[in-house]
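Please read the structure below before turning to the comments.
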Amino acid sequence: MSGIIITCALTGSIHTPSMSPYLPITGPDIADQGLEAAKAGASILHLHARDPGSGRPSAALEHFNGFVPELARKTDAVLNLSTGGSAVMSLEERLAAPLAIAPEMASLNMGTMNFALYPMLGKDRDWTHDWEKPFLEGTDDLVFKNTPRDIARILSTLGQDRGARFEFECYDLSHLYMLRHFADRGLIRPPYFIQFVFGVLGGMGPDPENLTHMLRIADKLFGTDYLFSVLAAGRFQMPLITMAAAMGGHVRVGLEDSLTIARGQLARSNAEQVVKIREIVERLGRRVMTPDQVRESLGLKGAGQIHA
Ligand code: KMH
Ligand code: ZN
């Protein structure tokens, strides 16, 4: 079978610091975990920033500058900046750092949706920071806004003007049709790197049938012009990405998507999840792709072209 891309999403904007002491928060923590994940076999690092004082999701350039330059210096992994940021942020906030850094890759969320995190309140916890509980509670009335106008703006400012290629985040069947629409408008070019996202409340659930159906429709809409990768939230992470690997797809791990390494057991680092999925995919006969193989396969502009 062909090579496989392991993406690692280091911290995200879903989990809060009280949920795991291993979630990287400060610039040095994010850089260290990123380097370790890359060494373990992640060829793409999907990046969000946090305010190092409060641990709150942040999209400020100042906070990205706490780890992006170090990662750019010390690893050849592809740096992929989130344009999703956090659903509570405006598009201006979300785009500040990607516009300044002009990364090789950026995430692009393909539709407006609910993004409900409040079920994570279920567990009794001691909250370290006073923002955590209200942040999760407020997601029962939160719209993650990604209108066609927003998508077009990201494609034009980051894609056309700055040469970034995209991780197209598709949480639902409808998002594949939105992606096709932008292909028809001539605003994107193949190969499309499509991330199927399972298990966010507001998007599709983590049922294997959803993966097979997404693939059926993606084949119909994009033929051989796409690569697919899978991420799944929480305890569905490893089972669903293993299924993706067995079907010839690519995989995403990382503490952004799941804090655990096994049921009820916190992962001690991002790299621990990379090591686990690497062993699984190699036993399935897949070969882990290097960053340069990923650059070639996705048509990236090259690490030398980013402003870090
Ligand atoms: N947090 C994931 C469910 C983004 O950064 O643009 C999706 C994601 C979005 O990674
Ligand atoms: Zn993300």
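Only heavy atoms go into these numbers, but all of them, side chains included; no hydrogens, no water, no symmetry mates. All ligand and atom numbering here is 1-based and tracks the order in the structure.
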Test F144 against F115 for ring pair (Phe, Tyr, Trp, His ring centres under 6.0 Å), laying out the working first.
CA-CA 6 Å; F144 185 26; F115 212 102; 5.2 Å; yes

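Side-chain N or O atoms of N114 include none that pairs as donor or acceptor with a backbone N or O of A116 at under 3.5 Å.
A salt bridge between E209 and R216 is absent, with no side-chain N of the basic residue lying under 4.0 Å from a carboxylate O of the acidic one. A salt bridge links E104 with R295: the distance from a Lys NZ or Arg NE/NH1/NH2 to an Asp or Glu carboxylate oxygen falls below 4.0 Å. Salt bridge status for K74 with E70: present, with a side-chain N to carboxylate O gap under 4.0 Å.
Using a 4.0 Å heavy-atom criterion, the residues that approach ligand 1 are I14, H46, H48, S82, G84, S107, N109, F115, E169, Y171, V197, V200, R252, E256.
Residues V230 and R252 form no side-chain contact, since every pair of their non-hydrogen atoms from C-beta on lies 4.5 Å or further apart.
Judged as a salt bridge (Lys or Arg N to Asp or Glu O under 4.0 Å), and not counting sequence neighbours, the contacts of K133 are E137.
Using a cut-off of 2.8 Å, one finds that E169 contributes no N/O/S atom close to the Zn ion (ligand 2).
E256 has its closest N, O or S atom to the Zn ion (ligand 2) at the position named OE2.
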